[in-house]
Number of protein chains: 2
Amino acid sequence: MHYAMNQKPSHVAGIKEIARALDISIGTVDRALHARAGVSHSTRDRVLKMAKKLNYRPNVAARNLKLNHRLKVGVFLPEQIALFYDRVREGIRAACATESGIGVDLVFHSFPRLGEGESNAIEKAGWQQFDGIIIAPGNSAELGPIFSKFEGQHKPVIFVTTDAARLPRLASITTDETASGGIAADLLGRVISSPAKVATITGDLRIQGHAEKLRGFAASLATLSPHLSLLPAIEAHESPADAYNAAVDLIKKHPDLGALYVSTANSLPVLLALEENGYLGKVLVITTDLFPELVPFIENGKVFASLYQRPFAQGKTAFEMLIRFLATRVAPKQITRLAPHIVLRSNLSLFINLVYNDDSSSLSI
Amino acid sequence: MHYAMNQKPSHVAGIKEIARALDISIGTVDRALHARAGVSHSTRDRVLKMAKKLNYRPNVAARNLKLNHRLKVGVFLPEQIALFYDRVREGIRAACATESGIGVDLVFHSFPRLGEGESNAIEKAGWQQFDGIIIAPGNSAELGPIFSKFEGQHKPVIFVTTDAARLPRLASITTDETASGGIAADLLGRVISSPAKVATITGDLRIQGHAEKLRGFAASLATLSPHLSLLPAIEAHESPADAYNAAVDLIKKHPDLGALYVSTANSLPVLLALEENGYLGKVLVITTDLFPELVPFIENGKVFASLYQRPFAQGKTAFEMLIRFLATRVAPKQITRLAPHIVLRSNLSLFINLVYNDDSSSLSI
DNA sequence: TTGAAAGCGCTACCAC
DNA sequence: GTGGTAGCGCTTTCAA
């Protein structure tokens with residue numbers, strides 16, 4: 001028994017065959033197909049109809065050869081946290097390497113940290129030169145005018161790793177932050193069955209993603225794990241010292257703390273504080289992202305889970321979208337939210353190798 | 001403060017410039033670069049050296065235009081389970097659509113179910129015609145000779161969704177089955193803190209993936225969750241009736257059953273059996289994959305988690321690898337194991353929309 | 001062993 | 001408004 005589903009049996013035609021069929025020149029056919037000036041309405045209609053009839057497919061290779069335009073893509077990402085953003089860069093590079101059609105020039109620019117010096121970097125880089133831009137936008141409103149102008153020129157901007165809904169952009173790729181928070185609350189509620197106090201340590205609630213995670217966490221906790229009571233959120237502003245002190249404070253104030261959700265990558269000082277005070281292993285901890293220092297904590301079960309934001313996949317997706325738009329001018333879905341990966345000690349090895357050893361081919365994370 | 005990391009400042013040369021630099025014809029340069037017959041050793045060396053010096057990059061568009069060879073890719077997947085394999089097909093189609101360089105003809109063929117009628121389908125489809133093949137290989141040894149011959153012609157075969165290490169193949173893409181099993185055991189052990197009995201229902205232990213999941217489950221249970229005792233594995237052979245009966249049997253024999261891991265997509269009859277006997281909600285259940293009927297069980301928490309095998313990502317990856325190989329003849333990593341997604345009620349929505357509503361652009365699952 | 005040249009399908013320019 | 005044609009970078013054939 002076998003079933004065939006051949007679906008491209010039909011001959012695909014080129015510009016020449018349309019011309020021959022209509023007994024006109026290929027120049028005219030080209031003008032008609034591309035809605036260029038200098039074609040009568042009637043011939044244009046005839047051409048378009050014939051194109052459909054003969055199943056016209058433009059030959060991308062020929063077009064690229066003729067136009068021979070290399071695309072210039074500017075990538076603007078923070079230096080910190082390097083392990084995270086380097087992985088985004090790797091995803092972009094990997095996607096670029098697979099690109100067989102158009103030639104793409106990648107230009108990487110960095111700025112110190114998220115929301116710090118980005119517009120400066122863009123200005124200095126001469127953003128006018130780029131056909132498209134990939135960027136992690138901070139909350140700085142300075143970016144608005146630049147991107148508005150960029151859009152005015154029909155040049156695409158794609159946001160990665162963090163979104164800024166108020167800024168004009170072609171598309172944004174992030175993990176689903178609301179879901180991240182929700183997963184954390186869901187898991188904690190499953191593992192802890194009796195009433196307990198839960199704390200959260202975040203970065204800065206003015207950053208869209210950080211706020212979303214917390215909203216997701218609170219909402220999920222209320223509906224799925226109502227036996228857990230949420231303490232007020234603590235903002236550590238990505239500062240290790242602040243995080244450490246906040247954690248020490250926390251366990252002093254709430255010695256009966258049951259669980260803790262650290263919603264940014266700034267979890268190491270928190271774990272240290274717990275360890276030094278004998279709370280590591282007693283408090284159920286869920287962290288965010290993955291880096292070498294976190295690995296042993298997951299391995300020995302002191303950190304129950306970490307929510308991995310898939311930097312490689314984000315970079316790869318962003319680049320693919322950008323190129324696709326540049327090639328076809330068809331707008332992609334504006335908002336893409338990747339599912340974060342839940343890293344446990346049982347699947348840790350799947351993610352950890354990739355942090356060091358990049359095979360560049362896969363979207364496995 | 002801004003940091004620039006321009007990395008492609010160097011001019012890339014074409015065949016012409018090499019010819020001009022060496023004062024020879026472009027024909028000779030081409031022959032030398034491609035190690036074709038009819039070039040003296042000395043000139044070949046000179047050409048290769050100059051190519052490196054001038055940073056030669058072949059123009060893919062021009063090459064494709066000239067050669068104008070459309071690639072023909074054969075895809076052989078089971079009909080059952082349609083929701084799963086259709087999603088693999090979508091991933092393949094999506095990747096094909098992004099392919100801007102070479103023209104690719106996709107030809108889809110189906111056979112009733114995994115391991116049933118595949119070699120027949122391949123024979124009937126005239127496998128000789130394909131430049132490459134993507135297939136879900138059953139355990140039938142009949143495939144061996146075909147693929148050996150295929151390899152002999154330097155034609156690539158890529159396995160998706162299930163591997164068969166004994167068969168010759170260019171690459172295989174599956175989820176990490178060992179990790180899947182491990183995750184299930186890990187999660188169950190975290191949620192159930194006191195000693196309990198755990199059962200597993202699988203398909204057929206002769207299928208590599210099914211056995212691997214079980215091995216992973218057992219290993220993880222022993223090391224991470226030693227308070228859980230594993231009952232002998234039950235094989236349901238993907239038959240709904242068998243699965244139903246086995247589940248009824250199971251709860252009769254072990255009324256104190258604590259947890260259950262269904263390691264194939266055949267979970268519905270099991271859930272039915274549990275429900276009818278008042279065990280749903282009492283036994284902690286982890287299932288595999290995702291389909292509409294399973295959704296309400298996850299939503300209301302009766303199924304704790306389901307391990308999603310990312311069919312879309314598998315299809316997309318397989319196609320990308322195949323094309324990359326066909327274009328460059330560089331062998332990809334032979335074994336790729338994607339991280340399965342852990343689907344909970346808190347992140348269910350991220351996966352569920354994609355089951356029905358395909359945006360074809362993303363590797364979000 | 002090498003050179004010369006045709007031509008892949010398309011775009012863009014010039015002539016009518 | 002339309003036709004004709006050069007040429008993008010490469011492969012390949014034919015001639016030398």
Side-chain angles (χ1 to χ4, degrees), chain A residues 11-51 54-71 99-105 326-329, chain B residues 11-51 54-71 99-105 326-329:
Chain A
H11 177 68
V12 310
I15 210 176
K16 237 164 160 175
E17 313 188 39
I18 299 178
R20 194 158 1 94
L22 258 43
D23 199 35
I24 56 178
S25 79
I26 58 167
T28 306
V29 173
D30 179 68
R31 280 183 289 258
L33 285 174
H34 294 82
R36 271 186 263 273
V39 200
S40 72
H41 270 290
S42 64
T43 46
R44 179 154 87 207
D45 287 349
R46 291 200 308 145
V47 167
L48 292 178
K49 217 165 272 169
M50 185 55 78
L54 295 184
N55 189 28
Y56 169 71
R57 289 291 123 93
N59 182 319
V60 202
R63 177 178 304 170
N64 290 334
L65 177 58
K66 176 63 189 165
L67 299 181
N68 200 19
H69 54 143
R70 296 185 69 77
L71 294 174
E99 184 51 50
S100 47
I102 318 110
V104 181
D105 288 326
L326 254 16
T328 67
R329 290 284 152 185
Chain B
H11 178 68
V12 311
I15 208 175
K16 236 166 161 174
E17 314 189 38
I18 299 178
R20 193 155 6 92
L22 260 43
D23 198 36
I24 56 177
S25 79
I26 58 168
T28 305
V29 173
D30 178 73
R31 281 183 288 258
L33 286 173
H34 294 83
R36 273 186 261 274
V39 199
S40 71
H41 270 290
S42 64
T43 46
R44 178 153 88 207
D45 287 349
R46 291 199 308 144
V47 166
L48 292 178
K49 217 165 274 171
M50 186 55 78
L54 295 183
N55 189 28
Y56 168 71
R57 287 292 121 92
N59 182 319
V60 201
R63 169 153 39 215
N64 289 334
L65 177 58
K66 178 63 189 170
L67 299 182
N68 200 18
H69 55 141
R70 295 186 70 77
L71 295 175
E99 184 50 49
S100 47
I102 319 111
V104 181
D105 289 325
L326 254 17
T328 68
R329 290 285 152 184

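To find a chain, count down the sequence lines: A is the first, B the second, and so on, and within it residues start at 1. This is a predicted model, so every value here is computed, not measured.
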Practice prompt. For side-chain contact (heavy atoms from CB on, under 4.5 Å), just list the numbers for A:Met50 and A:Val29, CA-CA rounded to whole Å, side-chain angles, deciding distance to a tenth of an Å, and then say yes or no.
Written response: CA-CA 10 Å; A:Met50 185 55 78; A:Val29 173; over 6 Å; no

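- Within residues 13-25 of chain B, the residues that place at least one heavy atom under 4.0 Å from DNA chain C are, in residue-number order, B:Ile24, B:Ser25.
- Summary of the strand contacts: B:Gly38 and A:Pro58 both lie near DNA chain C, and taking for each the nucleotide with the nearest heavy atom, the more 5' one is attributed to B:Gly38.
- Atom C1' of nucleotide C:dG9 and atom NE2 of A:His34 are separated by 12 Å, given to the nearest angstrom.
- You'll find the side chain of A:Glu17 reaches within 4.5 Å of the side chain of A:Arg20, heavy atoms only.
- A heavy-atom distance below 4.5 Å is not found between the side chains of A:Leu22 and A:Thr43.
- As a whole-Å value, the separation of B:Asn68 CG from C:dC8 P is 9 Å.
- Straight-line distance from the CG atom of A:Asn59 to the C1' atom of C:dT11: 13 Å, rounded to whole Å.
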Item to complete: For B:Leu65 and A:Asn64, run side-chain contact (heavy atoms from CB on, under 4.5 Å): C-alpha distance rounded to whole Å, both residues' side-chain angles, the deciding distance at 0.1 Å, then the answer.
Response: CA-CA 9 Å; B:Leu65 177 58; A:Asn64 290 334; over 6 Å; no

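- C:dT11 atom P lies 12 Å from atom CG of B:Leu65, rounded to whole Å.
- Side-chain nitrogen and oxygen atoms of B:Arg63 include at least one within less than 4.0 Å of the OP1 or OP2 phosphate oxygen of D:dT11.
- In this structure, A:Thr43 reaches the D:dT2 phosphate: one of its side-chain N or O atoms is under 4.0 Å from OP1 or OP2.
- A:Leu33 contributes atom CG, which lies 10.5 Å from atom OG1 of A:Thr28 (distance to the nearest 0.5 angstrom).
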Please list, pair by pair, any protein nitrogen or oxygen found under 3.5 Å from a nitrogen or oxygen in nucleotides 12-16 of chain C.
residue: C:dA12; atom: OP2; partner: A:Arg36; partner atom: NH1; Å: 3.3
residue: C:dC13; atom: N4; partner: A:Arg31; partner atom: NH1; Å: 3.4

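- The side chain of A:Ser40 contributes an N or O atom lying less than 4.0 Å from OP1 or OP2 of D:dT2.
- Phosphate proximity of C:dC10 to A:Tyr56: present, with a side-chain N or O under 4.0 Å from OP1 or OP2.
- One interatomic measurement links the two molecules: CG of B:Asn55 to P of D:dG9, which rounds to 15 Å at whole-angstrom precision.
- Using a 4.5 Å heavy-atom cutoff, the side chains of A:Arg31 and A:Val47 are not in contact.
- The nearest pair of heavy atoms linking A:Ser25 to A:Ala19 is C-CB, 4.0 Å.
- Put simply, NZ on A:Lys16 and CG on A:Leu54 are 14.5 Å apart, with the number rounded to the nearest 0.5 Å.
- Inter-residue side-chain proximity for A:Asp105 and A:Leu71 is flagged as unmet; no heavy-atom pair is nearer than 4.5 Å.
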